[in-house]
Amino acid sequence: MNNHIKLFATILLVMLTCGTKRPKSKDTPVSFEQNCQTTYSDSTDVNHLWACFLSKGITDSLKTVYATNSIKVAESGEVISGLQNISDYYRKNDFSIDTVYSIKRIAANATKTYDYEIGAFTTENEVLFKHLIIWNNQYPQKRAFEFISESKKAIPIANTINKQREKWIALCNLHNATKLVTELYHVNALYFNHKPVIVGLDSIAKDYQYMNDKNYRLRLEPIKLEMVAENLAYEIGQCIGTYNGKYLLVWKKDDKGDWKILVDSNI
């Protein structure tokens with residue numbers, strides 16, 4: 001009788017384990033209960049919770065991991081604004097996530113109220129995605145911004161992007177904000193800061209008029225340049241000069257094959 005009980009318990013344990021798909025980290029596996037409830041202390045834990053909600057279709061619980069006024073940007077440059085619209089997006093687009101992990105995460109400003117993160121996740125059918133996240137740490141740890149794209153094998157192009165970045169620096173320090181934006185920003189570009197997201201070349205150039213001050217000086221020093229696909233790359237770096245916070249960029253090739261800035265952010 002005891003042997004039969006032990007056998008039944010073993011079978012039941014296997015059935016329960018196999019019946020619940022649990023997101024895990026590349027470095028530190030984390031188990032979730034079926035309702036995805038867990039306590040968290042940093043972005044790694046929040047990303048696990050995010051993955052669990054999406055994998056189980058619990059989109060109503062995304063308010064746990066997104067800020068109220070959060071922004072999601074599509075690869076086309078389309079902006080999905082607000083928690084409800086992001087929840088609706090994921091309700092219509094299934095993501096069954098197997099593994100989620102961080103590639104680079106860094107405090108975005110001296111007060112550490114925001115973090116920048118480049119991360120990745122794989123789906124159950126082994127498709128790799130890379131996401132760029134801005135974390136609002138005042139809640140604590142909620143997504144204020146995200147950009148997600150499928151990652152495909154690509155040849156590193158650091159030298160080409162380095163030349164574009166140097167051109168950005170030169171035009172900035174020549175105090176020509178309009179030319180800077182016209183020549184180096186993608187036609188669908190947007191700028192994300194504390195203010196509402198700014199969309200379009202004209203609007204970004206208008207916001208950047210402070211660069212036309214003859215005393216304004218700035219240099220960009222990349223910390224992490226991550227290739228996503230042959231036409232897409234993420235960058236996190238350090239501003240040095242009049243402003244000394246971090247910056248975040250999404251580089252994308254335009255129709256002519258030139259690398260342009262699709263997303264620009266400093267917090």
Side-chain angles (χ1 to χ4, degrees), residues 43 71 73 75 77 101-120 128-135 137 144-177 179-186 188-194 197-198 204 207-208 210-211 216-254 257-267:
S43 67
I71 297 291
V73 178
E75 192 173 337
Y101 56 94
S102 179
I103 296 172
K104 183 68 177 181
R105 179 188 167 208
I106 194 167
N109 53 18
T111 60
K112 298 182 179 181
T113 50
Y114 291 89
D115 285 352
Y116 288 152
E117 180 175 10
I118 296 173
L128 176 65
F129 288 82
K130 290 182 180 177
H131 50 183
L132 195 62
I133 307 166
I134 300 177
W135 293 99
N137 298 326
F145 177 97
E146 72 177 20
F147 184 101
I148 298 176
S149 179
E150 182 178 344
S151 182
K152 301 176 182 178
K153 187 175 291 186
I155 299 173
I157 40 66
N159 288 338
T160 306
I161 289 183
N162 287 345
K163 291 179 182 178
Q164 292 294 82
R165 189 188 310 105
E166 288 300 319
K167 188 175 180 180
W168 190 101
I169 294 168
L171 289 173
C172 173
N173 294 326
L174 285 173
H175 316 300
N176 196 333
K179 187 174 181 181
L180 180 151
V181 173
T182 301
E183 294 192 5
L184 292 172
Y185 283 67
H186 196 280
N188 296 324
L190 62 90
Y191 174 57
F192 181 82
N193 195 277
H194 294 294
V197 64
I198 298 172
I204 296 173
D207 194 76
Y208 275 3
Y210 60 84
M211 291 183 181
Y216 192 86
R217 291 288 183 274
L218 198 65
R219 181 163 187 84
L220 306 181
E221 293 288 348
I223 294 171
K224 179 66 177 177
L225 179 62
E226 180 73 16
M227 287 300 301
V228 180
E230 63 179 10
N231 67 336
L232 195 71
Y234 300 158
E235 179 175 333
I236 294 174
Q238 176 70 54
C239 296
I240 300 172
T242 305
Y243 172 73
N244 289 293
K246 302 296 189 299
Y247 69 86
L248 175 153
L249 299 173
V250 174
W251 293 94
K252 184 179 180 180
K253 281 186 179 180
D254 64 10
D258 296 325
W259 285 97
K260 299 292 182 70
I261 295 171
L262 178 65
V263 175
D264 184 359
S265 175
N266 54 68
I267 297 292

### Query
In this structure, are over 12 heavy atoms from other groups packed under 6.0 Å from Glu166 atom CD?
yes

### Leu220 CG to Tyr243 OH distance, which is reported to the nearest 0.5 Å
11.0 Å

### Task
Taking all non-hydrogen atoms of both residues into account, name the closest pair between Leu218 and Cys172 and its distance.
CB-SG, 4.0 Å

#### Entry: Ile161 versus Glu235, closest heavy-atom pair with distance
CG2-OE1, 4.0 Å

#### Entry: Closest non-hydrogen atom pair between Asp115 and Ala107, with its separation
OD1-CA, 3.3 Å

### Query
Can you check whether Asp254's main-chain N or O pairs, donor with acceptor, with Asp258's side chain at less than 3.5 Å?
no

### Message
Donor-acceptor check, side chain of Asn266 to backbone of Tyr247, threshold 3.5 angstrom: yes or no?
### Response
no

### Task
Flag the pair Tyr185 / Leu180 as yes when at least one side-chain heavy-atom distance between them is below 4.5 Å, and no otherwise.
yes

### Query
Can you check whether Gly119's main-chain N or O pairs, donor with acceptor, with Ser102's side chain at less than 3.5 Å?
no

### Query
Could Glu226 and Lys130 be called an ion pair, given the rule that one side-chain N must be under 4.0 Å from one carboxylate O?
yes

### Gap separating the CD1 atom of Ile236 from the CG atom of Leu132, nearest 0.5 angstrom
6.0 Å

### Task
Look up atom CG in Leu249 and atom CD1 in Ile261, then write down how far apart they are to the nearest 0.5 Å.
5.0 Å

### Task
Could you tell me how the ring of Phe192 sits relative to the ring of Phe145: parallel (under 30°), tilted (30 to 60°) or perpendicular (over 60°)?
tilted

#### Entry: Verdict with supporting geometry, Arg217 and His175, side-chain contact (heavy atoms from CB on, under 4.5 Å)
CA-CA 9 Å; Arg217 291 288 183 274; His175 316 300; 3.0 Å; yes

### Summary
So NE2 of His131 and CD1 of Ile133: to nearest 0.5 Å the spacing works out to 4.0 Å

### Query
Heavy-atom distance under 4.5 Å between the side chains of Trp251 and Leu262, does that happen here?
no

### Query
What is the distance from atom CD1 of Ile240 to atom CZ of Arg219, rounded to the nearest 0.5 Å?
8.0 Å

## Note on the structure
On a heavy-atom basis, the closest approach of Leu171 and Lys179 is CD2-CD, 3.9 Å

### Query
Taking all non-hydrogen atoms of both residues, which atom of Tyr234 and which atom of Ser149 are closest, and how far apart?
OH-N, 3.5 Å

### Message
Restricting to non-hydrogen atoms, name the atom on Trp135 and the atom on Glu117 that form the minimum distance, rounded to 0.1 Å.
### Response
NE1-OE1, 2.6 Å

### Query
When the aromatic ring centroids of Tyr191 and Tyr208 are compared, is their separation below 6.0 Å?
yes

### Message
Quick one, Glu75 and Lys252 - any side-chain contact, counting heavy atoms below 4.5 Å?
### Response
yes

### Message
For Gly241, is there any backbone N or O sitting under 3.5 Å from a side-chain donor or acceptor partner on Asn244?
### Response
yes

### Query
Side-chain contact, heavy-atom cut-off 4.5 Å: Leu248 with Phe147?
no

### Task
For residues Ser265 and Asn193, determine if any side-chain heavy atom of one lies less than 4.5 Å from a side-chain heavy atom of the other.
no

### Message
Name the residue from Lys167, Lys260, Gln164 that meets the side chain to side chain donor-acceptor pair (under 3.5 Å) definition with Glu183.
### Response
Lys167

### Query
Side chains of Glu221 and Lys246: closer than 4.5 Å at any heavy-atom pair?
no

### Side chain to side chain, Tyr210 and Thr242, heavy atoms closer than 4.5 Å
no

### Task
Can you measure from NZ (Lys152) to CZ (Phe129) and round to the nearest 0.5 angstrom?
9.5 Å

### Query
With distance as the sole test, does Gln238 use its side chain to make a donor-acceptor pair with the main-chain N or O of Gly245 at under 3.5 Å?
yes

